[in-house]
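Sequence positions, counted from 1, serve as the residue numbers for this chain.
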Amino acid sequence: QPMGGNSLYGKNHYCVPRAHGVSAGEEKRFSGYLGRINMQVLKAAREAIPDAPAGLLGASINFDGPAVYIEYQIQQIATEAPDCFVVSGCDSAPEKDLLKEIIKRNEKRMVLGSFRSTTGQLVMDEEKSERGFDIPVVVLGDEGNIDEVF
């Protein structure tokens with residue numbers, strides 16, 4: 001299935017899970033893609049029942065693997081605007097510090113962006129645009145109890 005867009009070179013990204021030989025980039029994109037699909041399905045299910053009480057829509061993150069993958073997965077899921085992130089497997093103090101760094105790097109802010117023109121020159125945007133997200137993070141402890149919220 002396509003990743004929902006073209007690369008800079010006009011090629012579609014495809015998510016093809018394989019038993020062996022999956023590239024790091026493909027694995028990273030696949031986890032982000034699955035997270036986005038999950039949030040879309042949950043939103044559609046919540047909207048399908050109009051009179052149901054509105055529950056929180058949380059995105060589960062397993063804190064296992066390279067920090068770059070976890071950050072990318074959080075960024076991708078944040079585009080679907082969940083009510084919170086629920087993180088498991090983040091038990092030690094260094095892991096919690098790393099998670100806090102990831103959240104801090106991606107907090108909501110206004111930035112002046114840029115893009116490359118068709119001739120390759122850097123063109124600055126005329127106005128600042130909003131980047132990042134402001135979504136609470138719930139960290140679960142070993143037994144599934146809430147350990148920390150930030």
Closest heavy-atom pair and its distance - [X], [Y]:
| X | Y | result |
| --- | --- | --- |
| Gly89 | Glu95 | O-OE1, 3.6 Å |
| Pro50 | Ala48 | CD-O, 3.3 Å |
| Ile135 | Cys84 | CG2-CA, 3.6 Å |
| Ser114 | Leu122 | OG-CD1, 3.5 Å |
| Leu112 | Lys128 | N-CG, 4.0 Å |

Is the shortest side-chain heavy-atom distance between [X] and [Y] below 4.5 Å?
| X | Y | result |
| --- | --- | --- |
| Val87 | Val137 | yes |
| Gln121 | Arg116 | no |
| Ile103 | Phe150 | yes |

| field | Trace of the side-chain contact (heavy atoms from CB on, under 4.5 Å) decision for Leu98 with Phe63 | value | CA-CA 10 Å; Leu98 180 59; Phe63 203 82; 4.0 Å; yes
Nearest 0.5 Å, what's the [atom1]-[atom2] distance between [X] and [Y]?
| X | Y | atom1 | atom2 | result |
| --- | --- | --- | --- | --- |
| Leu140 | Ser88 | CG | OG | 6.0 Å |
| Ile102 | Ile61 | CD1 | CD1 | 9.5 Å |
| Glu26 | Ser31 | CD | OG | 11.0 Å |
| Lys104 | Leu99 | NZ | CG | 13.5 Å |
| Arg29 | Gln76 | CZ | CD | 10.5 Å |
| Phe133 | Ile74 | CZ | CD1 | 6.0 Å |

| Are there more than 12 heavy atoms of other residues, nucleotides or ligands under 6.0 Å from atom CD1 of Ile49? |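 12 or below, so no.
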Donor-acceptor contact below 3.5 Å, side chain [X] vs main chain [Y]:
| X | Y | answer |
| --- | --- | --- |
| Lys43 | Glu80 | yes |
| Asn38 | Leu34 | no |
| Arg109 | Glu107 | yes |

Sidechain N-carboxylate O distance under 4.0 Å for [X], [Y]:
| X | Y | value |
| --- | --- | --- |
| Glu71 | Arg105 | yes |
| Asp91 | Lys96 | no |
| Lys100 | Glu148 | yes |
| Asp83 | Arg46 | yes |

| task | May I ask whether Leu57 and Val138 are part of the same hydrophobic cluster, defined by side-chain heavy atoms of I, L, V, M, F, W, Y residues being less than 4.5 angstrom apart, directly or through others? | result |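 Leu57 and Val138: separate clusters.
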| said: For Tyr33 and Ile37: C-alpha separation, side-chain torsions, deciding distance, then whether side-chain contact (heavy atoms from CB on, under 4.5 Å) applies. | reply: CA-CA 6 Å; Tyr33 183 63; Ile37 288 176; 3.3 Å; yes
| Looking at the rings of Tyr69 and Phe30, which for Trp means the six-membered one, are their centres under 6.0 Å apart? |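 Centroid distance Tyr69-Phe30: not below 6.0 Å, so no.
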